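These numbers come from a predicted model, not from an experiment. Order of the sequence lines sets the chain letters (A, B, ...), proteins ahead of strands, with each chain counted from 1.
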Number of protein chains: 2
Amino acid sequence: MNHKQLLDYIQNFVSLKEEEAKLVVSCFKEVKVKKRQFLAQPNFINTHRSFVIKGAFRTYTITDDGQDHTLQFAIENWWVSDFNSYLYQHPATLFIVALEDSTVLQIEYHKEQELKKASHTIETFFRIIAEKGLAFEHRRILFNLTHSAEARYDNFLLNYPNFVQRVPQYALASYLGMSTEFLSRIRNKKTRKKS
Amino acid sequence: MNHKQLLDYIQNFVSLKEEEAKLVVSCFKEVKVKKRQFLAQPNFINTHRSFVIKGAFRTYTITDDGQDHTLQFAIENWWVSDFNSYLYQHPATLFIVALEDSTVLQIEYHKEQELKKASHTIETFFRIIAEKGLAFEHRRILFNLTHSAEARYDNFLLNYPNFVQRVPQYALASYLGMSTEFLSRIRNKKTRKKS
DNA sequence: GACTAAAAATGAAGCAGATCAAGAAAAGAA
DNA sequence: TTCTTTTCTTGATCTGCTTCATTTTTAGTC
């Protein structure tokens, strides 16, 4: 049962009572997505947010000049959505695409509101993950402001070594704010050094 | 009474009962900070977070090569802290300096935990501001990834026209991820165009 | 109002990283 | 296995932005 994975994840942060756990489970429905399929697209509202059970996703936008920019990746036990679209229930600006055949658990926006209203503990859980997300993005912004392209790549490699193999290089480059070509050069320089 | 300003702010998001309002008020203490004084410094834990009643602050770091990078500004009705230090109660990496003579209301970390535990509504409030903060930083990261230095400045000007006068230009430049000189050139180009 | 210190402006030179173009390698599909 | 498409690599050239050095302007202080 895939809901166990979600409950385990939640219980890292808070302890749910029996009924709360049941309530949570009843609000999430399983969805399977094949590689290259989309979970969300610009102009459509993100009526759901998704918890990744298995697989990997990329959240990105395409600018007028055709350039591709990655805002986020998500693998097992991460959440994925166009968060601005979800939070404000406005049309999305981002694509969310599956990088592998994936399974997610989805909750509908209004169901989430009900959950948070019904249980102080669940409210606490959502507060905690929002705060952690915010702290994470602060670190990211600061690191991006203060480091070169190469240092950003090194840092990513250090923090998410397992991630790198699962993500196409052009996507990683655009996440780190550099061109595919430049990331290719950085990598090439490193492998030459090592050997 | 300055606590009214805080309560009004909170009640934009949730409705507090009489006792909850009193409880909140009892947890915040007023602190005055003169221009150029520090609210926080690297290596010290942010034991408090601050709600700005009056004045302006800048949150920044200085890299080994002496460069100054601004993570955040805060004016009236904004929160200010080294959020990673506050959330995890770890030593800070950021300076927080007053850009003007300022007044803040401070809450101690453990008091905030108690507040959130004591009241579902207050928990909801903190969840909401964390979510809004997260959505904001997502927009910021995406905009930074997808736009040139000049466009980033234009966007800031558009969204925070009143802010620009209160913030030194070198600080704004470092917030927007460009050198002071380059921002100067951008501005100069614009004023020449207009006249 | 004169003096001092901090911030902003300006020119010249340099560079990190982008762009363009073309080929090589890898992954999917039939 | 072959064919097709996508991804990655590599070289050549270009540019947005930085850095450095100096001057001008603004703000703060006695």
Worksheet item: For A/Tyr109 and A/Arg49, what are the C-alpha separation, side-chain angles and deciding distance, and is it a side chain to side chain donor-acceptor pair (under 3.5 Å)?
Response: CA-CA 7 Å; A/Tyr109 177 80; A/Arg49 93 195 311 188; over 6 Å; no
Any protein N or O atoms within reach of nucleotides 28-30 of chain D? Criterion: under 3.5 Å, listing atom names and distances.
{"from": "D/dG28", "atom 1": "OP1", "to": "B/Lys35", "atom 2": "NZ", "distance (Å)": "2.9"}

Taking only Lys NZ, Arg NE, NH1 and NH2, and the carboxylate oxygens of Asp or Glu, determine whether B/Lys132 and B/Glu137 approach each other closer than 4.0 Å. no
Between CE of B/Met178 and C1' of C/dA8 the distance, given in whole Å, is 15 Å
Rounded to whole Å, the CZ-P distance (B/Arg187 to C/dA7) equals 14 Å
Here the distance between atom P of D/dC17 and atom OH of B/Tyr153, to the nearest Å, is 15 Å
**Q.** Residue pair A/Asn159, A/Asn155: steps toward the side chain to side chain donor-acceptor pair (under 3.5 Å) verdict
**A.** CA-CA 6 Å; A/Asn159 285 310; A/Asn155 185 249; 3.3 Å; yes
Here the distance between atom P of D/dC17 and atom CG of B/Asn188, to the nearest Å, is 17 Å
Short side-chain N/O contact to D/dT18 OP1/OP2 from B/Gln67, under 4.0 Å | no
| Geometric cation-pi criterion B/Arg140 and B/Phe143, 6.0 Å radius, 45° cone | no
To the nearest angstrom, the CG-C1' distance between B/Asp68 and D/dT18 comes to 16 Å
By nearest-nucleotide position on DNA chain C, the 5'-leaning member of A/Glu181 and A/Ala149 is A/Ala149
Does the plane of the ring in A/Phe95 sit parallel, tilted or perpendicular to the ring in A/Tyr60? Use 30° and 60° as the thresholds. parallel
Among D/dT19, C/dT10, D/dG16, the one nearest any side-chain atom of B/Ser184 is C/dT10
A/Arg152 CZ to C/dA16 P, in whole Å, measures 13 Å
From CG of A/Leu99 across to P of D/dT7 the rounded distance in Å is 10 Å
Notebook entry, point to check: Does the side chain of A/Gln169 get closer than 4.0 angstrom to OP1 or OP2 of D/dT6 through an N or O atom?
Noted result: no
From the candidates D/dT9, C/dT19, D/dG16, the one with an atom nearest any side-chain atom of B/Phe182 is D/dG16
Atom CG of B/Leu183 and atom P of C/dA8 are separated, to the nearest Å, by 9 Å
Item to complete: Record whether the side chain of A/Arg185 comes under 3.5 Å of the base of C/dT19 through a donor-acceptor pair of N or O atoms.
Response: yes
Discussion item. Strictly distance-based, threshold 3.5 Å: is any side-chain N or O of B/Thr59 a donor or acceptor partner for the main-chain N or O of B/Leu71?
Written reply: no
| said: Over all strands shown, is A/Tyr170 touching base, sugar-phosphate only, or nothing at heavy-atom distances under 4.0 angstrom? | reply: sugar-phosphate
Classify the nucleic acid contact of A/Ser148 as base, sugar-phosphate or nothing, counting any heavy atom under 4.0 Å across all strands shown. sugar-phosphate
Sequence neighbours left out, cut at 3.5 Å: what donor-acceptor pairs do the side chains of residues 174-182 of chain A make with other protein atoms?
{"from": "A/Ser174", "atom 1": "OG", "to": "A/Thr70", "atom 2": "N", "distance (Å)": "3.1"}
{"from": "A/Ser174", "atom 1": "OG", "to": "A/Thr70", "atom 2": "OG1", "distance (Å)": "2.6"}
{"from": "A/Ser174", "atom 1": "OG", "to": "A/Ala171", "atom 2": "O", "distance (Å)": "3.0"}
{"from": "A/Ser179", "atom 1": "OG", "to": "A/Phe182", "atom 2": "N", "distance (Å)": "3.2"}

